[in-house]
Amino acid sequence: MIKEQLSEKDIALPAVSSKIEAVVYNPKQCPCCKKETMETIMRFNGRGPPVDWKEMATNLLACIATSDVTTK
């Protein structure tokens, strides 16, 4: 086996620096302004997006923009 051919030094994992901080992913945080303003508008299954996803997204965003204008 390969493990038998390696020495203990080769198998040992590299030391992790203590300066690395854990970064927690927040899906609602905007990557630009860092405020929690992000909203999910489309979600796809494990198969991936449908062929016409760009058209669907454009229509959805147009609908959202129209409803925002009329409700304010």
Specify the closest pair of heavy atoms between Asn45 and Arg47, including all atoms of both residues, with the distance to one decimal.
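The answer is OD1-N, 2.9 Å.
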
Could you pull out the closest heavy-atom pair between Met38 and Pro27, with the gap in Å?
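It is CB-O, 3.6 Å.
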
Are any side-chain N or O atoms of Glu36 and backbone N or O atoms of Gln29, one a donor and one an acceptor, separated by less than 3.5 Å?
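No, the answer is negative, given that no donor and acceptor are paired below the 3.5 Å cut-off.
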
Would you call Lys28 and Glu39 a side-chain contact if the rule is heavy atoms closer than 4.5 Å?
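Answer yes - side chains close enough.
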
side-chain contact (heavy atoms from CB on, under 4.5 Å) with Met56: which of Leu60, Asp52, Thr58?
Asp52

Using the rule that two of Ile, Leu, Val, Met, Phe, Trp, Tyr join whenever any of their side-chain heavy atoms come within less than 4.5 Å, decide whether Leu61 and Trp53 are in one cluster.
yes

